[in-house]
Asks: 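This is the structure I want to talk about, given as structure tokens.
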Amino acid sequence: MPISTTDQGWVLETRTAAYALGLNRAGLLTNRYWGVRLPTLDDYPAAPNPGIWGSFNNPSQLTPEEYPGYEDMKFVEPCLKLSFADGVRNVVLRFSSADVHQAPAPELRIDLRDTAYPLRLSLHYRVHAEHDLIERWVTAVNEGEAPITIERIWSAQWHLPPDGRYRLTHLVGRHMDEAQLRREPLVEGVKVLESRRLSSSHHHSPWFAIDRAPEAGEGPPAGEHWGEVWFGALAWSGNWKLAAEVTDFGSTRVSLGLNDWDFAWRLQPGAAFSTPSSYAGYSAEGFGGAARRLHGFIRAVVLEDGATPRKVFYNSWEATLFDVDVGSQIALAEVAAGLGVELFVLDDGWFHGRVDDRAGLGDWWPDERKFPQGLTPLIERVNALGMDFGLWIEPEMVSPDSELYRAHPDWVIHFPTRARTEGRNQLILNLGRPEVQDYLIDTFDRLLATHRISFVKWDMNRNVSEPGWPDAPGDPRELWVRYVQGLYRVWGTLRACHPHVHWQSCSGGGGRADLGILQLASQIQVSDNTDPTMFLAILEGFTQIFPPNTLHAWVADVPEAHLSLAFRFHVGMCGILGLGGHLLRWTPAERAEAAHWIARYKELRHLIQGGELYWLRKPQAHPCAALIFVAPDRSEAVLFAFRTHLPPRYPLPALRLHGLDPEARYEVEGVAGARSGRAWMQLGLVLALGDFESTVRHIRRV
Ligand code: GLA
């Protein structure tokens, strides 16, 4: 039973893990346990009952509450902070009722109520048992007559086992350099990661992984394939905040939710406010096990089309930039089709007045000079060549030099008395405004209804400035949330009206990669950086969260002569294979080789896009990289290995394989003799690779 109720409270059990909570003697809803699943329900500890510590610390400071509100002598990070209409600024939440549903998804709802004010807070726990994940979100309901101003409302606080010392692993980055892994000890105080940029951002990801610090004395810290890891993520594409706190009393907890920076929400009488979901899980199989749990969950639950094979695409951006027209695109499409490409994507530059990045955003009809008969002749030719047609759009933006801006200068996010800071010469439409949402739905609905467009690349190429909303219906600081809600409404409506379209999320590459956007887009453009070795490192970072069938890889033209086409293709084959080079300049030999690798990718695609990923050597830490994708039934696998730069004659270390059935026998392509899975995993595979050489090997059970 995924959710059990006992006299100690509730136990949520997943395939290998468990999470227990209950009321303590003071009536506070507290965390009782989070870790490996135990044999019986009696094994889970009772809710803790901390005492006082001198006259300075009440129990409320010492209790690992599931969802602390700001009250009492509580100085830890609360999840909820608000002001009532009479100026009272604390919130005293106490248990009111609990309700358990086992179907359609097992869910526990616990209602807390303020002891003096008509405020209800529902804590939702949904159990994704097969994926070892717990989903949490909250809903606040104003049951009174006066508005309440919410100043912070997080989705969850996740408590690590008491008395431990831990390390935090997280991702940092920049445009062209996303998803770099960082691992650091958590010490007393609060480590904050956040976005204030209106999108989830290139800079940090709303994700964490925690393992035990070596000095904890509780065994070695976790590795890629072993050890305990607690991890989580937030499904939100706007401003978010993660606070990893170690209290002065040695309690470690991670809070995750909407960013409270510059945030307020006026909760009107009778109104409800729901937070985005935070997901968290536990893996006893190291960081790789944590990632595979998220991959399985994203494929099966978050994505509507998680099992659909992703097509090999060609995107003409790097070849033609803004200089697109029917002729140039048809010429590229013809070569692409000959190589085996399945989806041709026309990027920026196709719409009215878009000669460069100084004009045009907002005027979403084909540029009359570049496409005198519209896009249809190009689409028809692409389809006749056997490919789907995809198109780039950037709906949230407007160029000051556009018909749209001239008609509606007030539609952008701005403060009326301030200059409007431009980023890439563009401003941001206020998607919190219903008329802007309706306009965008209308515009893109028409575009999709009148063209055979199978794929849309949805871009967002700047972050926010002057976050003003003159005449906002509520508190102007609601902008941060209303914008994202508006984005979800526009995109969700278009998706629902055009179910055959596949969507990609791009924000200068991987600037909006999160579990929220994956409910709309089935794919993410990993980076604008198409250098293969850097791309591998970025891929490593993003695969901590996202499965390879959501990650677009590119084979682009690179200036480095030492990077062979094979190396570049092998990198591109580790995600959704895409081409971005100027194909008309590729020699016949290069085209033949490209066709060979595309065919190879199609043979192996079910493993890469649907298999279980194990990193054998991680490129951010090693001058070589290796990864294996194993079929769920372990009947076959595919191994990729890359050597970047090692001292001459330094042999590539043996690659110990992972994920195979130890008892079965396997053959590795290009290596004589079958061996047991156990032998491949124990002894490894020695490959002779020189600098900047790579290989792909199919592995089959015999
Ligand atoms: C962004 C994207 C690129 C490309 C350009 C077009 O930078 O990340 O892939 O689409 O915009 O302007």
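Atoms considered below: every heavy atom in the structure, side chains included; atoms not considered: hydrogens, waters and symmetry mates. We count ligands from 1, going down the list as the structure has it; atoms in each ligand are counted the same way. Residue numbers start at 1 and run along the sequence shown.
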Asks: Gly509 heavy atoms, cut-off 4.0 Å: which ligand 1 atoms fall inside?
Replies: 8 (O)

Asks: Kindly say whether the aromatic ring centers of Trp317 and Phe322 come within a distance under 6.0 Å.
Replies: yes

Asks: Which atoms of ligand 1 sit under 4.0 Å from any heavy atom of Asp348?
Replies: 6 (C), 12 (O)

Asks: Flag the pair Trp236 / Asp514 as yes when at least one side-chain heavy-atom distance between them is below 4.5 Å, and no otherwise.
Replies: no

Asks: Kindly say whether Gly510 contributes a backbone atom to a donor-acceptor pair with the side chain of Glu178 at under 3.5 angstrom?
Replies: yes

Asks: Tell me if a side-chain donor or acceptor on Glu342 pairs with a main-chain N or O of Val312 at a distance below 3.5 Å.
Replies: yes

Asks: Suppose we measure from atom 9 (O) of ligand 1 to each protein heavy atom; which comes out shortest, and what is that distance?
Replies: Lys457 NZ, 2.8 Å

Asks: If you take the nearest heavy atom of each of Thr530, Asp528, Asn461, Ile393, which one is closest to atom 8 (O) of ligand 1?
Replies: Asp528

Asks: For residues 565-579, which side-chain donor-acceptor pairs fall under 3.5 Å, sequence neighbours excluded?
Replies:
| residue | atom | partner | partner atom | Å |
| --- | --- | --- | --- | --- |
| Arg568 | NE | Ala556 | O | 3.3 |
| Arg568 | NH2 | Ala556 | O | 3.0 |
| His570 | ND1 | Ala566 | O | 3.4 |
| His570 | ND1 | Ser694 | OG | 2.7 |

Asks: With backbone taken as N, CA, C and O and side chain as the heavy atoms from C-beta onward, which portion of Asp357 lies under 4.0 Å from ligand 1: side chain, backbone, both, or neither?
Replies: neither

Asks: For a quick check under 3.5 Å, do Trp261 and Asn239 share a side-chain donor-acceptor pair by atom type?
Replies: no

Asks: Considering heavy atoms of the protein only, find what lies nearest to atom 2 (C) of ligand 1 and give residue, atom and distance to 0.1 Å.
Replies: Asp459 OD2, 3.0 Å

Asks: Which atoms from ligand 1 have a heavy atom of Gln525 less than 4.0 Å away?
Replies: 8 (O), 9 (O)

Asks: Tell me, please, which residues at least two apart from Glu304 pass salt bridge (charged side-chain N to carboxylate O under 4.0 Å, His left out).
Replies: Arg495

Asks: Under a 3.5 Å distance rule, please check whether Asp531 uses its side chain to pair with a backbone N or O of Met534 as donor and acceptor.
Replies: yes

Asks: Determine whether any heavy atom of Arg424 lies closer than 4.0 Å to an atom of ligand 1.
Replies: yes

Asks: For ligand 1, does Asn315 get within less than 4.0 Å through its side chain, its backbone, both, or neither, judged by non-hydrogen atoms?
Replies: neither

Asks: Which ligand 1 atoms, with their elements, are less than 4.0 angstrom from a heavy-atom of Cys506?
Replies: 2 (C), 8 (O)

Asks: Check Glu394 against ligand 1 and report side chain, backbone, both or neither, counting heavy atoms closer than 4.0 Å.
Replies: neither

Asks: Considering only non-hydrogen protein atoms, determine which one is nearest to atom 10 (O) of ligand 1 and report residue, atom name and distance to 0.1 Å.
Replies: Asp347 OD1, 2.6 Å

